[in-house]
Structure formats: C-alpha cells, structure tokens
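Any value given below was found using the heavy atoms of this structure, including those in side chains, with hydrogens, waters and symmetry copies removed. Numbers for residues simply follow the sequence, beginning at 1.
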Amino acid sequence: MMKLKLYTLPLLLLSVSAAAQDSLYRISQLNEVSVTATKGPQKASETGKVITILPHEYLEKNSGRTIAAILSEQAGITINGAQNNRGTIPEVYIRGASNGNALILIDGLPVNDASQIANTFDLNFISPEQVERIEILRGSQSTLYGSNAVAGVINIITRKNNGKKIGVSANTSYGSYNNFQGNANVYGNAGKFSYLLGYKYENATGFSDAYDSTGKAGYDKDGFQQHTVFAKLGLQATSRWRLQYLFNYSNYHHDLDEGAFIDDRDYTGKFKYLLNGFSSEYQFRKGSWHVLYSYQQTKRDILNDSGYVAADGYGKYDQSAFSSNIHQVESYVNWNATDIIRVVAGGAFTRANINQYDWYLGNYPGATPYITELSKDSSHASQTSVYASMLLHNLGGFNLEAGGRLNYHNLYGSNQTFSFNPSYLINKNNKIFLNISSAYRIPSLYQLYAAGYGNKDLRPESTVSYEAGYQASVAHNALDFRVTGFARNTKDLIIFYTESSGLSHYANADKQQAYGAEAEVNWHITRRLNLNVNYTYVDGRLKTVQNGKDTSWYNLYRIPKHAVNATLGYQITPALYASATYRYTGERYQAKQPMGDYYTLDLYGEYKFGNLLKIFAGFRNITDYQYFDILGYNSRRFNWNTGITLNL
C-alpha cells in the first residue's frame, strides 16, 4: 500500500509544471505527429504506441535544468543521479527495467558508451540548450530499434535553425554551488545550406559526492567543469534529397569520492565524448529512403592519487583509462504501399570495441600493484540486423502494427523479436490500444571480456512485454488523460554471480518479472492555468531455483513502487509565467537496504521581453528535504539558479 504521508495531500493539489493551453502537452495529443513511434511521421491516433512528447515550449519553461532532471519527472521513468552532484552519471530506469534497458537516440541515431558495464549513454554529454524536443516511447521497441530498446526509447531531437538567414542566441545563468553556465549559438540558412553552431561552458564548485553520516568529518566539495561544442549542418541537395551532419563533442572534469560515505580529496575523472553523425533522406512519390551512419568515441580517465588516503578507503592509488569506439550504419525504407498500408523495412550493422587499463594499489600493509588490461584487438563485437514492420491504418478507426527483427551477433549467434500492436480509435477523442512484443539486450563488452569477470558464453537477455490502455480527450479537449497497464517477463537475465569458491563472473541465470501501471492527466483548468499529473506503480520479482524449489523476491534496484509528479503552471500575462512542481518518490531498496520515501517541491518563474530577451529563476527542493537516490551519496538540498536568454 502506498505510504503517502500527510504532507503529500495538500501539496498534490497545488502541484505541477505547464503553461498556456497550446504549449505543454506531455501526453501526446491524438492528432500530434511523432517521428519515433514508426520511424517516420505518424499521428498518435494511428498507432498504439505509448508516446510522450516534450515540445520546445515545455523545455523552455524548464530553463536551468538538465536533460536528466527533466526526464525524471515523466511517467514510468526513474533517473538515479539526476539530482546528485554534477558529473554523476545518470542511470535511466523505465518501468522497473534495470539500467541499460532504455535506448537513447539523438536525431534518430542510437547513442551508447561501450566502455560502461551496461553500455549506457551518459546524459551529461548532451546540453539542453541544443534540444528542440524529446519524444519518449515506452514499452518494448526492439523490432524497430534493436538492442537495449527493452523498456523504451528516448529520442532527443536537436534544435532547428528557425529559418532565418542568420541568427544568434545566448544564455547565461548562475546558481547554488557556484554553478555558472554560458551558452552561445549561431544559426542560419544560405541557399540550400543550413547551419547551427553552438558552444557551452559550465563550472561549479559543487558539494561533496559522499555523504558525511557524522556531520563532522569535513568532507571537501567535489567540483565540475565542462566544455561542449555542437554543430548541425544541412544540405538540400535536390528537391527530394536532404543530407545532414551532426557533431557533438563534450569534455568534462569531475572531482570524485572514494565511495559511499567515504571522502577523497584527490580523486578525479576526465570524461570525453565525440559523436559524428551523418544522415541522408531521399523522398520518392510514396515514401522515403534513409541512410544513417554514426561514429562515437568515449574516453574516461580516472585517477585516485595517493596524496590523500581515507582511513576507511579501499585503495591507496588507482589509475584507470577506459575508451570505446562504436560504428553504426543503418538503411531503411518507409513506403506507403497504399492508403491503408505502410511498410518500414531495413537493416543495421554495429561494431564496437573497448580499451581498458587499470593500475591499482590497495590500502593495506604489504599491498602490491594489481594491473588489468583489455585491448581493442581482443575486446570487440559486432551485430547485423534486418527488420520489417507493417502498419495498417485508416480502417474505420482500427490500426495494426506488426513486425519482426532478426539479429546476428558474432559471439552468441542469432536471436529474433516480434511486435503485435493493434489499436482502435473509437472516435477522434478516444483510443484503446494493446501491445504484445519481444525485445532483447546484448551483453556489453565489459560483461563479455572483463578480466576475471567476463564470460564470452553469455546469451542476450530476452523479454516478452504486454501493455494495454485507454487514452482520451474530454471536456471539449480541456482534459487529456491516459491509463496504461504493463507486464514484462525477462529470461537469461545477466547477473554478477559469485560461486561458493568465492570467484565471481557474469552469467545468465534467473528470470525476472515486472508489472505495473501508469496514469497521466493534462488538465487545462483555464486558458492560462494548466495542471499536469502522472502516477506510476511498478513491482517486480526475481525468480530462481534454490534447493530444488522455485523462489522469488522483490528486486527492483533503486526503483520506487510508487511515484507521483505534478506541475501547476500559470501564464499570468503573455510575458510572465510561473509554476510549482511537486515530486513524490516512494520507498526504494538498494540491495536489502530500504532507502525511504521523499518529496520535493520546486518553484519556477520567467519573464519575456518579446522574443528578444527572457529572464528566469528556479528554486528547487524549497523545503530543504534530505533524501538519497543512491545510498551514501548526497542529493541536492535547497538550490536555486537564475539566468538570462537572448535571441537576435
């Protein structure tokens, strides 16, 4: 039963962030167009996918916040690290699935980090100032998107150039923990050529990563500094053929601590990310042909020097270098075969490798250096996929999407997925939908090759998911809501297994079940007053055999059973906007340790001087509530920032 404390009841009535009636649809309107659901423009009314769209207007009314913080308030999504010190790598959990089961896209290009254990993308590498909109697609999506799209897909769509011949935008902000940010963009069109160039700098004194449980140990502050360069170039080669090049480079330095509850004063990390993306779209009479290519390189250098050694620290000296390279190419066709049949078919190839080096000296008498190394020549993998999906639509309100994917991996062999997704548009304001689909997640290179821990015989995790729901727009389109129930069964779960001998390694073992429900409401109380609320319930069980008997237990790691997000936004005048956001996170567990529930309350305001200038200010966790998303690591207490945005 949900343990909502008394303080949640009055605040829930005041909650949430939104704006004028036409600007903040987080539930995708039935007539709104998504490009992620079917790999091409498609109205929400014609697909049974569960889509949430965060438009540019919504992102603007969250100025001063990170992408991770914005995503963490959406239904079904938990992001651990979003409210921790800057530089903490956010872990994305959707519908109870573990980290690594949500696929991140940038302009439709899959982004990953093969040097990480779960192959997950670091959302710190993307600046919110470069984002036009975000599309969130929940549920299993491996048929169209391949590995890692087990619980959902998040497509981060970068900014447009607004059609001007030349334009300039800039913003700067300052806030708690001496956090300074500055960003500048230049964009425009020159005939058939378009461009957008941007640079962002951020610097913060920060606060201690590790939590001082005594309150007297004097833990030092852990700072953060980042440089980000972004470029987006387009060429309309012919009336039917468009080319685009995407470049993103991010370099950030972050002070670290020894571990949970353990301070360190000379532990640092230097992280670099490079993305080169190319896309080609050719329009023909009844469809389009797409070619995508991306190259990603990640480098992480971590140094724990011996100038300071915590009394309870694990290591005296630790120098690590991690790097990964990923090449991905995909080609697919979107073909409107008839007025009621649409076909998407294509193929994809991915190749990744990693380099890892670690020189470690333990903090105990007589310790000798321990060196581990992986080279890209021996630590690599590739996979090839072909897929096809057919969408039947405009059949008197009935729509059906069905498809399959065949994937071949150079180590474990082949695996397949399917999708079956009917929906029925009762009328223009009411829709019911059902989705039965499978998905998979391939083992990461670390899980395959890590010295002492890797297992080349790992099979991919495979899932079968079910979801059903109802979406409606009522009260003359003033109230939009959606309710969804879901369940997911996973087999060949990859776990870190310790044998009776004490040796540990990755292995395929147990089965996992997760199930729950989501409810989303967007209410235009008046033309200027808007309320948006979402609630998520999720539960899960790990099933295994112990002593010849089937055994199961709750195992959702750091994921709350109950979560509520609510935002009340008021467009006081055409220039002045204010909002209050309430967030409740139910009790979670880290291993067997309960972490308790908590709430936060945020306030935000902005004032626009036409389209030229905007000033904004945000005040977050205004009750100064102390909580933990990662046990032993500090989350943000009361904090604020204020800034100016300029458009020329």
(message) Show, in sequence, the C-alpha distance, side-chain angles and deciding distance for Phe207 and Tyr219, and conclude whether the ring pair (Phe, Tyr, Trp, His ring centres under 6.0 Å) test is met.
(response) CA-CA 9 Å; Phe207 52 90; Tyr219 287 5; over 10 Å; no
(request) Show the numbers, then the answer: is there a side chain to side chain contact (heavy atoms under 4.5 Å, CB included) between Glu518 and Arg95? (result) CA-CA 9 Å; Glu518 300 162 349; Arg95 290 182 171 178; 2.9 Å; yes
(request) Determine the interplanar angle of the His562 and Tyr537 rings, folded into 0 to 90°, and report it as parallel if under 30°, tilted if 30 to 60°, perpendicular if over 60°. (result) tilted
(message) I need the single residue from Gln74, Arg138, Glu135 that forms a side-chain hydrogen bond (donor to acceptor under 3.5 Å, both in side chains) with Thr52. Which is it?
(response) Arg138
(request) Using the side chain to side chain contact (heavy atoms under 4.5 Å, CB included) rule, pick out the option among Asp209, Asp263, Asp255 that qualifies with Asp220. (result) Asp263
(message) Please enumerate all residues that pass ring-ring contact (aromatic ring centres under 6.0 Å, His included) together with Phe261, with sequence neighbours excluded.
(response) none
(request) Might you point out which heavy atoms bring Asp597 and Tyr625 nearest each other, and give the distance in Å? (result) O-OH, 3.9 Å
(request) Please list, chain by chain and in numerical order, all residues satisfying ring-ring contact (aromatic ring centres under 6.0 Å, His included) with Tyr604, sequence neighbours excluded. (result) none
(message) Checking Tyr515 against Gln513: is there a side-chain donor and acceptor pair closer than 3.5 Å?
(response) no
(message) Measuring only between side-chain heavy atoms, which start at C-beta, is Tyr535 closer than 4.5 Å to Tyr584?
(response) no
(request) Kindly write out the residues that satisfy side chain to side chain contact (heavy atoms under 4.5 Å, CB included) with Thr158, not counting sequence neighbours, or none if the list is empty. (result) Ile106, Asp107, Phe230, Lys232, Leu246
(message) Before you tell me yes or no, could you show the steps for Phe628 and Tyr633 under ring pair (Phe, Tyr, Trp, His ring centres under 6.0 Å), namely the whole-Å CA-CA distance, both residues' side-chain angles and the distance that decides it to 0.1 Å?
(response) CA-CA 7 Å; Phe628 300 96; Tyr633 291 89; 9.5 Å; no
(message) Contact between Asn248 and Leu274 at the side-chain level, heavy atoms closer than 4.5 Å - yes or no?
(response) no
(message) Between Lys200 and Gln226, is there a side-chain donor-acceptor contact under 3.5 Å, judged purely by atom types and distance?
(response) no
(request) Using side chain to side chain contact (heavy atoms under 4.5 Å, CB included) as the criterion, list what pairs up with Lys221, not counting sequence neighbours. (result) Thr205
(message) Between Ser465 and Ser140, is there a side-chain donor-acceptor contact under 3.5 Å, judged purely by atom types and distance?
(response) yes
(request) Decide yes or no on ring pair (Phe, Tyr, Trp, His ring centres under 6.0 Å) for Tyr453 and Phe496, but give the supporting numbers first. (result) CA-CA 8 Å; Tyr453 302 135; Phe496 191 65; 5.2 Å; yes
(message) I'd like to check Arg300 versus Lys270 (side-chain heavy atoms, cut-off strictly below 4.5 Å). Are they in contact?
(response) no
(request) Please report the shortest heavy-atom distance between Asp602 and Glu73, naming the atom on each side. (result) OD2-OE2, 4.2 Å
(request) Mark yes or no for whether Asn634, through its side chain, and Ser208, through its backbone, hold a donor-acceptor pair below 3.5 Å. (result) yes
(message) If the condition is side chain to side chain donor-acceptor pair (under 3.5 Å), which residues does Tyr557 pass it with, not counting sequence neighbours?
(response) none
(request) Identify whether the distance between the nearest side-chain nitrogen and carboxylate oxygen of Arg541 and Asp539 falls below 4.0 Å. (result) yes
(message) Side chains of Gln130 and Asn185 only: does a donor on one sit below 3.5 Å from an acceptor on the other?
(response) yes
(message) Applying salt bridge (Lys or Arg N to Asp or Glu O under 4.0 Å) to Glu461 and Arg441, what does each step give before you reach the verdict?
(response) CA-CA 5 Å; Glu461 295 182 355; Arg441 182 167 79 94; 3.4 Å; yes
(message) Side chains of Asn85 and Tyr177, heavy atoms from C-beta outward: is any pair under 4.5 Å?
(response) no
(request) Provide the closest heavy-atom pair for Gly586 versus Pro560 in the form atom of the first, atom of the second, distance. (result) O-CB, 3.5 Å
(message) Checking Gln225 now: which residues fulfil side chain to side chain contact (heavy atoms under 4.5 Å, CB included) with it, not counting sequence neighbours?
(response) Tyr201, Asn203, His227
(message) Would Gln297 and Leu275 count as a side chain to side chain contact (heavy atoms under 4.5 Å, CB included) here? Give the steps.
(response) CA-CA 7 Å; Gln297 182 184 76; Leu275 168 65; over 6 Å; no
(message) Would you say that Val92 contacts Asn80 through its side chain, given a criterion of any heavy-atom pair below 4.5 Å between the two side chains?
(response) no
(message) Parallel, tilted or perpendicular: which one describes the rings of Phe224 and Tyr252, with boundaries at 30° and 60°?
(response) tilted
(message) For Arg620 and Gln83: C-alpha separation, side-chain torsions, deciding distance, then whether side chain to side chain contact (heavy atoms under 4.5 Å, CB included) applies.
(response) CA-CA 10 Å; Arg620 302 178 180 93; Gln83 304 299 333; 5.7 Å; no
(request) Determine whether Ser438 and Tyr440 make a side-chain contact, defined as any pair of heavy atoms from C-beta on separated by less than 4.5 Å. (result) no
(request) Answer yes or no: is there a side-chain heavy-atom contact under 4.5 Å between Arg86 and Arg636? (result) yes
(message) Looking at every non-hydrogen atom in both residues, tell me the closest pair between Leu137 and Thr36 and how far apart they are.
(response) CD2-O, 3.7 Å
(message) Using a 6.0 Å cut-off, check whether atom CH2 of Trp523 has over 12 heavy atoms from anything other than its own residue.
(response) no
